[in-house]
J.: 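Supplied in structure tokens, the structure appears directly below.
Because the structure is a prediction, the values reported are computed rather than measured. Protein chains get the first letters and strands the later ones, always in sequence-line order, with residue 1 at the start of each.
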Number of protein chains: 2
Amino acid sequence: MTRKNAAEAAENGVAQQLQADILSEYFRPGEWLKQADIENRYNANRFEVRMALSALAAKHLIDHVPNRGYRVINPSDRERAELYEVRTILETAAGRLAMQKCTDDDVAELGQMVEDFEAAINTASRAELIELNMAFHNKFYSLGGNDLLITQIRELRDRGLPGREGGWETVASLRASNEDHRQMVEMLRRKDADGLNYTIYRHLNRWREFSKPVTDENT
Amino acid sequence: MTRKNAAEAAENGVAQQLQADILSEYFRPGEWLKQADIENRYNANRFEVRMALSALAAKHLIDHVPNRGYRVINPSDRERAELYEVRTILETAAGRLAMQKCTDDDVAELGQMVEDFEAAINTASRAELIELNMAFHNKFYSLGGNDLLITQIRELRDRGLPGREGGWETVASLRASNEDHRQMVEMLRRKDADGLNYTIYRHLNRWREFSKPVTDENT
DNA sequence: GTAAACAATATTGGCTACTATTTTATCATA
DNA sequence: TATGATAAAATAGTAGCCAATATTGTTTAC
């Protein structure tokens, strides 16, 4: 991701741009976020920068060290495991609720979204694919009818994982992800609660299979 | 809760004091939090107040309405139901984890805490009882070994406090709550996962039986 | 008398500038 | 080389201004 132009910068808030750059690892895990740098990069004033930093700190996307500043979170293996454990709890529960309440039309619509994604893999841009992926999950979890649950899931998801390895990098992983979605829809259609549970679990925890130690570059 | 002195005010941040006053319902659900009032009440300057407000808004303890300000959340019946649904999801999951990992000593310690609470019901102050209750839940959920999960549970718990009815008012409800705890420990001892699951569910959702409509005082 | 239009008042929100405090880097000295 | 004093850099706290917006109060027209 390269430098943004002024028009774009004006539309989105500094916090959102900064968050995007953190998740895309322009700013790397553990890196210090100097206020002056942020100021320049987004053509913002000091006040905006400080508000943005404290906002992202509230979202636990960056850490605040008194008198030293803000740095991108650098989750330990343990913290990463805890995050995914909680996400698994919430998302499997959301799947359970979705299964209880979904109609045949819902299942059909989700199935269509899987097909659309499949078709888009080779043609669409990375951003569009992320958009489609988000849309699928939003639709899927909205079936449960619990808005708070969706919010919680999204917030944990947004904590994102700076420093995560793999995932969304290769076309193969995109396809694998979509196959998970296809299977989730199938489980929904069959009303197979245990199967859906396991599929969601695997969808979230597949990365563990390829996990490798990450160098800890705390200063 | 009355006006705090300067020394106390200096120690705790404005956000924490404000949160305490919201949870104790000094500021009532739906009430507007005028920056000038907060400023006076906690001997803080405008900047501190604004930081505190945005921090509490990030925790969803207050709502932010652009150009109008911040107000204490006032959950609708639906939102409250969603809140308890998510709490049930997280806390039953935490119970499951606790059962997987707890030792005999842990069970014994929890059992002792139940007895201590029982003994304290007639003698201790309300604040002390709340303290003991918190301690039990903290110990119980800590067994699962997932700090993030505990944090999430606590945050949702705080969000449920403003505007709730009943609960913790009568001695009878205190005793009933502690009986639930006793049963939770028993289930833990017996390694009865389904039983623990149901007990936690009932512990969280008993209030529904007595629920009554609440006047909506949004301005 | 009622309702719409308008004026006033109050409140929030964005911003600038300045000061203080803390940390980090530099350099001289033993 | 180690150490301590000093300078530089960065963050944190504070005061205050002004513009945008919302709320309240008043007047006017019908």
J.: Over how many whole Å does the gap from Arg46(B) atom CZ to dC18(D) atom C1' extend?
T.: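 So the two atoms are 13 Å apart, to the nearest Å.
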
J.: Do the non-hydrogen side-chain atoms of Ile200(B) and Phe140(B) ever get within less than 4.5 Å of each other?
T.: yes

J.: In this structure, how many angstroms lie between the P atom of dT14(D) and the CD atom of Glu39(B), rounded?
T.: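 These atoms are roughly 12 Å apart.
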
J.: Please determine, for the side chain of Asn67(B), which listed nucleotide (dT21(D), dA10(D), dT11(C)) has the closest atom?
T.: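 Looking only at heavy atoms from C-beta outward on Asn67(B), the closest nucleotide is dT21(D).
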
J.: Figure out the CZ/C1' separation between Phe47(A) and dC18(C), and round it to whole Å.
T.: 15 Å

J.: Would you please say whether a donor-acceptor pair under 3.5 Å links the side chains of Arg154(B) and Asn138(B)?
T.: yes

J.: Mark yes or no for a side-chain to base donor-acceptor pair under 3.5 Å between Arg50(B) and dG14(C), with no hydrogen or angle criteria applied.
T.: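 Between dG14(C) and Arg50(B), which were checked side chain against base, a qualifying N/O pair under 3.5 Å is present.
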
J.: Once you round it to whole Å, what is the distance between C1' of dT11(D) and CG of Asp37(A)?
T.: 13 Å

J.: Measure the shortest side-chain to side-chain distance between Asp106(A) and Lys139(A) over non-hydrogen atoms and say whether it is less than 4.5 angstrom.
T.: yes

J.: Indicate whether OP1 or OP2 belonging to dA9(D) is found under 4.0 Å from a side-chain N or O atom of Gln35(A).
T.: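 Looking at the OP1 and OP2 atoms of dA9(D), neither is under 4.0 Å from any side-chain N or O of Gln35(A).
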
J.: Check the phosphate of dT14(D) against Asn45(B), side-chain N and O only, distance under 4.0 Å to OP1 or OP2. Yes or no?
T.: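 Yes, because at least one side-chain N or O of Asn45(B) sits under 4.0 Å from OP1 or OP2 of dT14(D).
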
J.: Taking 4.0 Å as the cut-off, does a side-chain nitrogen or oxygen of Arg68(A) come that near to OP1 or OP2 on dT24(C)?
T.: yes

J.: So which one's nearest nucleotide on DNA chain C is more toward 5', Met51(A) or Pro66(A)?
T.: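 Upstream on the strand: Met51(A).
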
J.: dA12(D) P sits how many Å from Ile38(A) CD1, rounded?
T.: 13 Å

J.: Quickly work out the Tyr70(B) OH to dT12(C) P distance and round it to whole Å.
T.: 10 Å

J.: How many Å lie between CZ on Arg71(A) and P on dT23(C), as a whole number?
T.: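 Arg71(A) atom CZ is separated from dT23(C) atom P by 14 Å.
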
J.: dC15(C), dG13(C), dA12(D): which one has an atom nearest the side-chain heavy atoms of Glu48(A)?
T.: dC15(C)

J.: Respond yes when some side-chain nitrogen or oxygen of His64(B) is under 4.0 Å from OP1 or OP2 of dG13(C), and no when none is.
T.: yes

J.: Measure from NZ on Lys34(B) to C1' on dG13(C) and round the result to the nearest Å.
T.: 17 Å

J.: Please work out which of the three classes, parallel, tilted or perpendicular, describes the rings of His181(A) and Phe117(A), given edges at 30° and 60°.
T.: perpendicular

J.: With no hydrogens and no angle check, do the side chains of Gln17(A) and Asp21(A) hold a donor and an acceptor under 3.5 Å apart?
T.: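 Not at all, the side chains of Gln17(A) and Asp21(A) share no donor-acceptor pair under 3.5 Å.
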
